[in-house]
Structures are given as structure tokens and as C-alpha cells.
> 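Structure provided below as C-alpha cells; questions to follow.
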Amino acid sequence: MITSLAKMIISSPLTTMAQSASTQVAVETTMKAIGRPGFILIDNNIDPDTKKYAVAKEFLYQATCLLLYMTLVVPLFKEGAFKIGPKLFKDHAADFAKFKSANDYYKYRKYADKPFESDRVVNNKIDRLFNADLRKELKTKENPNLYTRVKGTIEAGNILGSVLGLAILAPQVSHAIIHPCLRALGMEEKKSAKAKAKIDTKA
Amino acid sequence: MNFTNRLGKICDALGTNPKATYPVMLIALVKGICRPTFTMMDKTEKPETKKYTALREGLTEFIAIPTYLVCGEVAARIAKKLKFKNVPPDVNTSLVKRASKNMMFIGVCTAALFIIPALCSVAIKPIMDKFMPQKPKNNKPQIDTNMANKITTLNKPDINSFADKSNPIKPIYNNRNIYSGMKVGGV
């Protein structure tokens, strides 16, 4: 069992996920969307109606964050950083030019992390996916060039996008989305004209 | 050293040794500052509600920061104790390194799924009660029965109180029968 667990820990899909900040943040947000409402549900000190409302609100908030992050932040900042990289770091521009996109780099990195003899020397996919330079790196060198500056630039873009997207943009967007959704679900009532009038009088 | 060189060094560090804890901690930090600020800027909410919500949001994120760090590092240290059988020592080292990074990621996910929500549900309420004691939720005014009795007694007209026993001179109204000729519905 321990051997299978150790194999799972060093598995290639998990390594790929753990290497990219965008995947990490997406998985972490998914965990939050499950964990936080889950813990509200099992809390016996909250009354059932409040519990339902809090669960729906928290889930909708995290779901909005995830959706916004995956559709807007990841493509924009990941690819944006990859495009800005060669202009910022002119001495590394040749490294950036070897890849078509940020995703192309991650594909290369996935193969570069695989064992040399068993997975790289004879692999037709490598021939199809990469240009001559990258093919040479993967197929002839046991420790291929990892192009750390390229990876670091993409990661920096991912982190910047994650922070701006999740900490600044998502709360604003979710604030606009959550209340109409909760009203549609029947969990929140629209303020009546009478209530509004009352507030106005007090103001 | 100019800006580009500094940025290059940061990018190199992120490219060489990216840790799963970096982005999540940074997000939690910025969220811990921005979310309460946005809440306090909301003009539609009552000031008390705003303060309560802002404090709660801030606390959640500031509990999350050390939790991510501790969970990630603990998981990475567990992975460093792993030994892979039937592999040469250098391969074992690289596998342990990979396992350590992956375990850090698993640690962060575990923190987000279980540990942070659990810590928040345990720790936030006592902290909130300490900083912002809430008014009782029950809208019905709590009646102090003793006080209620006193009020009832005060409201009852005491006939005897009309006569001041300490005063030897009796008031005029005390000499006459005030109830004579009283009609139903008024004096």
C-alpha cells in the first residue's frame, strides 16, 4: 500500500498540477468551494435557514471565483506573461521563441520530467509536438534544459493574475452576481417599497 | 540593479523552485486586506454589520496564511522521509524532491478542504465575541420580573398614600368621601 501511495505521490499528473500556479489555485479554490460550505452544514449551532443561506452564498462565491479565474485570469495572465517575457528579458528572447505558447512550454516540461530512457528516447509524440531544438533536448539529453526563466515568467504572470483576479476582481463580480442568484433561488427577499421608504425616512 | 534584473531574479527563483504555498499565501494576504476594505466601503450596509463582516473576512484570511504555510511544509517534510526501493541513490534523491513538491501541494489542498474551515469554525466565533460582543438575537424584550412587579405596584393608585401619616394636619380631600356620587366611567 505504501508503495502504491508513493507511486501516486510522484505520479506525472500530480507533478504537472503541482508545477503550475494556475492549476494549484484552481484546485485550491475547488477545495474551498467544497470545504467551507461543508463545514457550515455540519455546524449545529446555526439555525437551518441561516445555514442554507450561508452555504449557498459561500458556494456561489467560490464558484464565481473559480469560473472567473479559469475563463478570464488564466488565459489572460498566463499567455500575457509569455508574450511580454521576450520583450522584458531580451537576453532570454531566444528561449521564449522556441515555444509557441505557455501551454506549449508546459507540454515540454511534462516530457522533460519523465524518465529519459523509458519515456523520451523513443516517443513519437515528441516528434510531432516540438521543434528540432526541443526534440534534441528531450531525446538526447538525460537532463534537458528546463528553461527556468520561461517557466518563472509564466508563473509570475499566473501569480499576479491569481492575486488580482481572486482578491480584487472576484469579490466585486461575485457581489453583483450572488444576490440576484440567491433571490432566484428564493433564499433572499427583495426589499419591499415599504421597507425602502422606512430606510429613507430614517436617513 | 535595475527593475528588469530584479524581476529576472524573481522569475528565475519561481522557475527553479516554485512552491505551492507561495501563490495561495499571497492571495490570502491580499484578500485579507482587500475584502474587508471593500466591505467597509459598501454604503448599503449598516455600520455594525460592515464592521462584523469585515472583521470576520479578515480573520478568515489571516488564519489561512499560517495554516497554508504549516500544512505545506509539514507535508513536504513527510515526503522527504520517503525511500523508493530498487532505485539508484541519485534517482531516489530526484524522486524525493518531486514527492516533496507534490506533497506540499497536497498539504495546501488539505488545508483548504479541511483544516482552514475547521479552524475558522472553532476559532472565529470566540474571537468575534471578544472583539464585537453581539446584542441578543431575541427581539422580544427580556422582562425583569422584579422590575415588572415594582412597575405594577407603582402604577396602582394607593388610596392610603393620599394621607400623609407623618403630617398631623389632614388634607382636605381626606375628610370627605371622594367616592360619593362617583359614576361608572369617571370620578
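To find a chain, count down the sequence lines: A is the first, B the second, and so on, and within it residues start at 1.
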> Using a heavy-atom distance cut-off of less than 4.5 Å, which residues of residues 67-106 of chain A contact chain B?
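So the qualifying residues are A:Leu88, A:Phe89.
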> Do other residues, nucleotides or ligands put more than 12 heavy atoms under 6.0 Å from B:Phe62 CZ?
yes
> Could you check which of B:Val108, B:Thr37, B:Thr16, B:Ile116 has the highest count of heavy-atom pairs closer than 4.5 Å to chain A?
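Greatest number of close heavy-atom pairs with chain A: B:Thr16.
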> Heavy-atom count check: over 12 atoms from other residues, nucleotides or ligands less than 6.0 Å from A:Lys51 NZ?
yes
> Can you say whether A:Ser11 sits under 4.5 Å from chain B via the side chain, the backbone, both, or neither, judging by heavy atoms?
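Interface part for A:Ser11: backbone (N, CA, C, O).
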> Rounded to the nearest 0.5 Å, what separates atom CZ in A:Arg149 from atom CG in B:Leu14?
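Going from the CZ atom of A:Arg149 to the CG atom of B:Leu14 covers 11.0 Å.
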> Within a 6.0 Å radius of atom NZ on B:Lys51, are there more than 12 heavy atoms belonging to other residues, nucleotides or ligands?
no
> Roughly how far, to the nearest 0.5 Å, is CZ of B:Phe114 from CE of A:Met31?
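Spacing of CE (A:Met31) from CZ (B:Phe114) equals 8.5 Å.
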> Show me the pairs that pass side chain to side chain donor-acceptor pair (under 3.5 Å) and involve residues 60-74 of chain B, at least two apart or across chains.
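Every pair satisfying side chain to side chain donor-acceptor pair (under 3.5 Å) with a residue in residues 60-74 of chain B: A:Glu28-B:Tyr68.
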> Crowded around A:Phe116 CZ? As in, over 12 foreign heavy atoms under 6.0 Å?
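More than 12 heavy atoms, drawn from other residues, nucleotides or ligands, come within 6.0 Å of this atom.
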> Distance only, no hydrogens: is a donor on one side chain within 3.5 Å (strictly under) of an acceptor on the other, for A:Thr15 and B:Asn102?
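There is such a pair (donor and acceptor under 3.5 Å, judged by atom type) between the side chains of A:Thr15 and B:Asn102.
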> In Å, rounded to the nearest 0.5 Å, how long is the span from NZ of B:Lys101 to CG of A:Leu14?
13.0 Å
> Say you draw a straight line from CE of B:Met104 to CD of A:Gln24; how long is it, rounded to the nearest 0.5 Å?
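One finds 10.0 Å between CE of B:Met104 and CD of A:Gln24.
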> So which of B:Ala118, B:Ser121, B:Cys109, B:Pro18 has the biggest tally of heavy-atom pairs under 4.5 Å with chain A?
B:Ala118
> Pull out the residues in residues 137-146 of chain A that come under 4.5 Å of chain B, heavy atom to heavy atom, sorted by number.
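Not one residue of residues 137-146 of chain A has a heavy atom under 4.5 Å from chain B.
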> Between B:Leu29 and chain A, with a heavy-atom cut-off of 4.5 Å, which part of the residue counts as in contact: side chain, backbone, both or neither?
neither
> Do any N or O atoms from the side chain of B:Arg98 and from the backbone of A:Ile10 form a donor-acceptor pair under 3.5 angstrom?
yes
> What are the two closest non-hydrogen atoms of A:Arg109 and B:Gly15, and how far apart are they?
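For A:Arg109 versus B:Gly15, the nearest heavy atoms are NH1-O, 4.1 Å.
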> May I ask you to test the B:Phe105-A:Val27 pair for a side-chain heavy-atom distance under 4.5 Å?
yes
> Answer yes or no: are there more than 12 heavy-atom neighbours, outside B:Arg56 itself, under 6.0 Å from its atom CZ?
no
> Check B:Leu113 against A:Phe39 and note the closest heavy-atom contact, atom names and distance.
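Taking B:Leu113 first and A:Phe39 second, the nearest heavy atoms are O-CE1, 3.9 Å.
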> Only heavy atoms, only distances under 4.5 angstrom. Which residues in residues 156-174 of chain A are near chain B?
A:Ala156, A:Ile159, A:Ser162, A:Val163, A:Leu166, A:Ala167, A:Ile168, A:Pro171, A:Gln172
